[in-house]
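Treat the numbers as computed from the prediction; the structure is a model and nothing was measured.
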Amino acid sequence: MPMLEAMMTQRAVRRVRPDPVDDAVVLKCLELALRAPTGANGQNWEFIVVKDRRIKERFARRYRQAWWPYYRAVIRRQAARDESMAKTARAVQWQVDHFTEIPVLVVACLRLGVRDGKLPGVPLPHAARSGYFGSIYPSVQNLLLAARAMGLGASLITLPLWSVASARRILGLPHAVTPLCMVPLGWPRGRYGPTTRRPVGEVVHLDGYGNRVWLSSPTGR
């Protein structure tokens, strides 16, 4: 698939089939994920591929525990007045309810032992925290694009990892390895389609916030 097509049609696909995904396909996606840059070329990533139903069940419990309070406190009110949010909430709820049926979960981690934005005993400034946690996301975006190009459904989620200590226990991670996000993978139940996004001119500012010089230009629509 051409890269631009993959980027223009990429979306979070949460409803996937329980059919197995061949290991070769998963490993190819991860190989492409590893082509992404990292800070100082540290390549300090680790990826845990979860296929064991017992491990999925433990993460499913964490997902439910995190989703319900968030849904009740925030999402339910927004969904009541916004059909787009309601649609997203239904898709997330489906994923929560069918989490153990998803064939593959990929947990993206970084090695460094950062806990709550700190090294052992040393608070990190904002730029350092942003740089550390941000180092995983170029590779995760590569993983998502690779999944799209291969016809897999994928989404980036964090709620199953709401307790870092619990995630470490479930996966047997040492304290030097921090789980940051999870990408469920499977063959989609529906179709990828064109995505709806705000015009670029509405969200791009020149030199300072509020200077939307491209708002009315053809390229900004």
Side-chain angles (χ1 to χ4, degrees), residues 12 14-16 18 20-21 23 25-27 29-31 33-34 36 38-39 42-75 91-124 128-144 147 152-186:
R14 296 181 174 87
R15 295 182 177 94
V16 297
V21 179
D23 288 350
V25 175
V26 176
L27 293 176
C29 289
L30 288 169
E31 180 185 351
L34 298 182
T38 55
Q43 302 186 46
N44 56 330
W45 42 42
E46 304 284 352
F47 293 91
I48 314 298
V49 176
V50 175
K51 299 169 68 176
D52 190 315
R53 186 180 179 90
R54 292 168 298 179
I55 298 176
K56 293 177 192 176
E57 287 171 349
R58 296 178 69 180
F59 277 121
R61 287 195 293 272
R62 298 293 181 267
Y63 201 176
R64 288 192 298 271
Q65 290 167 352
W67 167 245
W68 278 113
Y70 180 53
Y71 175 78
R72 288 194 297 266
V74 179
I75 301 299
V92 175
Q93 186 62 63
W94 188 97
Q95 189 177 63
V96 171
D97 293 340
H98 298 268
F99 202 63
T100 57
E101 300 167 22
I102 297 172
V104 178
L105 309 175
V106 177
V107 184
C109 311
L110 285 174
R111 294 191 311 272
L112 196 58
V114 172
R115 296 193 208 173
D116 301 321
K118 299 179 181 180
L119 285 168
V122 182
L124 291 177
R129 291 199 307 273
S130 178
Y132 170 72
F133 292 114
S135 286
I136 196 65
Y137 289 107
S139 63
V140 172
Q141 175 64 354
N142 270 19
L143 173 59
L144 294 169
L152 285 168
S155 58
L156 189 161
I157 62 176
T158 56
L159 287 180
L161 305 174
W162 67 273
S163 170
V164 174
S166 174
R168 281 199 175 104
R169 286 196 300 272
I170 292 171
L171 297 173
L173 299 176
H175 285 297
V177 177
T178 302
L180 294 179
C181 63
M182 180 181 289
V183 177
L185 294 173

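- Residues L171 and V50 are in side-chain contact: their nearest non-hydrogen atoms beyond the backbone lie under 4.5 Å apart.
- The two atoms that bring I136 and A108 nearest to each other are CG1-CB, 3.7 Å, heavy atoms only.
- When side chains are defined from C-beta on, Q93 counts as touching W68, because their heavy atoms get closer than 4.5 Å.
- A side-chain N or O of T178 and one of R168 form a donor-acceptor pair less than 3.5 Å apart.
- Here H98 contributes atom NE2 and R14 contributes atom CZ; the two are 14.0 Å apart, rounded to the nearest 0.5 Å.
- Between L161 and L180 there is no side-chain heavy-atom pair separated by less than 4.5 Å.
- Ion pairing of R61 with E57 is absent here, as no side-chain N (NZ or NE/NH1/NH2) approaches a carboxylate O to less than 4.0 Å.
- For the atom pair Q43 CD and L34 CG, the distance stands at 7.5 Å (nearest 0.5 Å).
- When every heavy atom of K56 is checked against every heavy atom of I102, the shortest pair comes out as NZ-O, 2.6 Å.
- Of all the heavy atoms in P103 and V21, the pair that sits closest is CG-CG2, 3.9 Å.
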Practice problem: Tell me, with the steps shown, if F99 and I157 meet side-chain contact (heavy atoms from CB on, under 4.5 Å). | Solution: CA-CA 12 Å; F99 202 63; I157 62 176; 3.9 Å; yes
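- Closest of all the heavy-atom pairs between N142 and A33 is CB-CA, 3.6 Å.
- At least one donor-acceptor pair under 3.5 Å links the side chain of W162 to the backbone N or O of R62.
- The backbone N or O of A12 sits nowhere less than 3.5 Å from a side-chain atom of S155 that would complete a donor-acceptor pair.
- Here the CG atom belonging to L110 is positioned 9.0 Å from the OH atom belonging to Y137, to the nearest 0.5 angstrom.
- Within the 4.5 Å cutoff, the side chain of W45 has no heavy atoms near those of the V140 side chain.
- Of the possible donor and acceptor atoms, one in the side chain of N44 sits under 3.5 Å from a partner among the backbone N and O of R111.
- At least one side-chain heavy atom of I48 sits under 4.5 Å from a side-chain heavy atom of L173.
- Of all heavy-atom pairs spanning C109 and P179, the tightest one is SG-CA, 3.8 Å.
- Residue V49 is tested with V107, L105, L185, L30 for a side-chain contact (heavy atoms from CB on, under 4.5 Å); the sole match is L30.
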*Could you walk me through whether Q95 and Y63 pass the side-chain contact (heavy atoms from CB on, under 4.5 Å) check?*
CA-CA 9 Å; Q95 189 177 63; Y63 201 176; 2.7 Å; yes
